[in-house]
Amino acid sequence: MTPEEIAQKYENRPGFQLVDYAEVGLPIYRLWIDVVSLERRELPSVQEFILRLLESGVGDAPTVSGILGLDGRVFELSINALFSKMWIAEEGRNIYAMTKKGRDVLEEGADISPQDETIAIDFDGITREPVNLGREVVAKPSELRSAGKIEIRPYPASSPQLDDLDLRKVQKALEARIGKPNDLKEVLSINRIARKSRLFRSAIALLFKSDRSKNVELDFVINGALSEDHSVAFARNDGPTKMGIQDSVSSGDIRQTLKAQIGQDARGLLADDTQVSNVRVEVAASKMLLESAKQKAARAKGARAKAELTAKLENAEQRHERAKNSLDDFPVRSVAVYEYPAFLADALENAEHSIIVSSTRILDTIVDGYFLRSINVLLDRHVDIALYINGGWLRNGEQGNGVVSQIKELSKRNAGISLRRTRKSPVNWLICDDRFAVVSSFPWLSYRDSKRPLRRMQGLMVQDSGLVGRLRETFRTREVSE
């Protein structure tokens, strides 16, 4: 599932509104710990056969060696190994017998003895517990930044110490990782943490704000599933306040500014938020039903089953289409946080005459190779593309920014694209032909940014063609920096 699909799936929470989401990295400490452990080692075949012969009463060396067909050197090495482990004792010249320890080992079928070793475990910085990550791919700090994912800080901020390692939980994490009973080792004690490495596991953060107070909550979705343990632990340690999320949400309400931007006529057509929310619930529900119907239809066997499931699939498709059309019927409405990337993708794919995009910054995590290829396709179709960036950043932040250089070079070759400055504003715009305009706080060209704060995203969408034309003129007169 994409981050947007995850946000849509989990957006409905009674008494709360989903105000932001982002790809994030949850802190993981990879620890190399010195331990004393009991490890099960399979008995070497020759040693096991010697013990079994001793158990049966055959104890003289020549007979044992002859039965097993061992040459003198191999037999001597095996006997010495059994002596060193105190599994056998000498009862007379070249006559041997098993000790109690030897009998225990033979009965167990393996050598289980304490040993000093260094093992690696992963420690979750949010839940403060050892964790089994299985085959999850983890990222280094530099890799997290280059992917534009936001670092979630651990609280407490200190790396784990020896006292933080609960022996039972370390053992449980090892058992979950190994999985095979015969391969398990029992950790008897943890002596020290020899080395630490800071890593991150991928997750989707969902930021919710209470409808009745300033309270905010952050949920984490890992591998497509909500992790209540992480959400509770982060809240218990006051993570939203310490990361500044509480303040950014409380001070980030620009809805009145957005209403002022779209003008009086558009405000008069603004749909009720509750009504829009109900339609969105139906869109999400019908989408889940459609995905389920597709999977069942693909697995259908037999003509009758295929016919029945195909009919259900068609009904699901029609229901989902009706739900989407109901959302499109609103001439002016609020925007859900997960809708913005789809609007940008729609404009890049389907624009016929012009696109206007304004953004605080421009980053290669968004304006990547695919984005630039889409621009070139639009230019070939003679679509005018105007990108507007905050003037201060464009003066100071473009140094070393390859994307800005590429767009500037492209604009020299093709008059259909331009990169211009706008005045500093909390409002960003996306206008596609006369089909739609979105006025919002969403940073269209830099939303996948490791430095961006989690905050309240708000936006209004206008789908009336006449009003969209007026908004284009409003943007050019109010927002453009000369």
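All values derive from a computational prediction rather than experimental measurement. If you read the sequence from its start, that first residue is 1, and numbering goes on from there. Values reported hereafter were calculated over all heavy atoms of this structure, with side chains retained and with hydrogens, waters and symmetry mates removed.
For Pro154 against Tyr29, the heavy-atom pair with the smallest separation is CG-OH, 3.6 Å. Nearest heavy-atom pair across Val131 and Asp124 is CG1-N, 4.0 Å. Minimum interatomic distance between Phe16 and Asp211 (heavy atoms only, all atoms of both residues): N-OD2, 3.6 Å. Of all non-hydrogen atoms in Arg452 and Asp20, the two that sit nearest each other are NH1-OD2, 2.9 Å.
Pairs of residues two or more places apart, or lying in two chains, that qualify as side chain to side chain donor-acceptor pair (under 3.5 Å) and include a residue from residues 343-352 are Asp346-Asn350, Asp346-Arg435. Applying the salt bridge (charged side-chain N to carboxylate O under 4.0 Å, His left out) rule to pairs touching residues 437-447 yields nothing, sequence neighbours excluded.
A salt bridge links Arg168 with Asp166: the distance from a Lys NZ or Arg NE/NH1/NH2 to an Asp or Glu carboxylate oxygen falls below 4.0 Å. Ion pairing of Lys140 with Glu143 is absent here, as no side-chain N (NZ or NE/NH1/NH2) approaches a carboxylate O to less than 4.0 Å. A salt bridge links Glu5 to Lys287: one of the charged nitrogens lies within less than 4.0 Å of a carboxylate oxygen. Taking 4.0 Å as the cut-off between side-chain N and carboxylate O, Asp164 and Arg128 count as a salt-bridged pair. Remark: Glu217 engages Arg13 in a salt bridge, criterion side-chain N to carboxylate O under 4.0 Å. Remark: Asp368 does not engage Arg373 in a salt bridge, criterion side-chain N to carboxylate O under 4.0 Å. Under a 4.0 Å N-O distance rule, the pair Arg280/Glu11 does not qualify as a salt bridge. The pair Asp34-Arg195 fails the salt-bridge criterion, with no side-chain N (NZ, NE, NH1 or NH2) lying under 4.0 Å from an Asp/Glu carboxylate O. The residues Lys172 and Glu129 are annotated as not salt-bridged, no charged nitrogen and carboxylate oxygen being separated by less than 4.0 angstrom. A salt bridge is absent between Arg145 and Glu151: the closest approach of a Lys/Arg side-chain nitrogen to an acidic carboxylate oxygen does not fall below 4.0 angstrom.
Residues satisfying the ring-ring contact (aromatic ring centres under 6.0 Å, His included) test with Phe234, not counting sequence neighbours, are Phe220. Remark: Arg470 engages Asp265 in a salt bridge (Lys or Arg N to Asp or Glu O under 4.0 Å) (not counting sequence neighbours). Checked against ring-ring contact (aromatic ring centres under 6.0 Å, His included), Tyr340 has the following partners two or more places apart in sequence or in another chain: Phe442, Trp444. Legend: residues meeting side chain to side chain donor-acceptor pair (under 3.5 Å) with Arg455, ordered by chain and number and at least two apart, are absent.
Of the possible donor and acceptor atoms, one in the side chain of Glu339 sits under 3.5 Å from a partner among the backbone N and O of Ala336. A donor-acceptor pair under 3.5 Å links the side-chain atoms of Arg267 to the main chain of Lys259, judged by distance alone. Under a 3.5 Å cut-off, the side chain of Asp272 and the backbone N or O of Gln275 do form a donor-acceptor pair. Remark: side-chain polar atoms of Asp364 are not paired, donor with acceptor, to backbone N or O of Ile366 under 3.5 angstrom. With hydrogens and angles disregarded, no donor-acceptor distance shorter than 3.5 Å links the side chain of Gln463 to the backbone of Phe436. No donor-acceptor distance shorter than 3.5 angstrom exists from the side chain of Ser292 to the backbone of Met288, with no hydrogens or angles considered. A donor-acceptor distance shorter than 3.5 angstrom exists from the side chain of Thr365 to the backbone of Arg448, with no hydrogens or angles considered. A side-chain donor-acceptor contact under 3.5 Å links Arg472 to the backbone of Asp433. Judged by distance alone, the side chain of Ser411 and the main-chain N or O of Lys408 form a donor-acceptor pair under 3.5 Å. Side-chain atoms of Gln256 never come within 3.5 Å of backbone atoms of Ile254 as a donor-acceptor pair (strictly under, hydrogens ignored).
In this structure, a donor-acceptor pair under 3.5 Å is absent between the side chains of Arg212 and Ser210. A side-chain N or O of Ser37 and one of Glu117 form a donor-acceptor pair less than 3.5 Å apart.
Here the two rings, on Tyr388 and Phe475, have centers that are under 6.0 Å apart.
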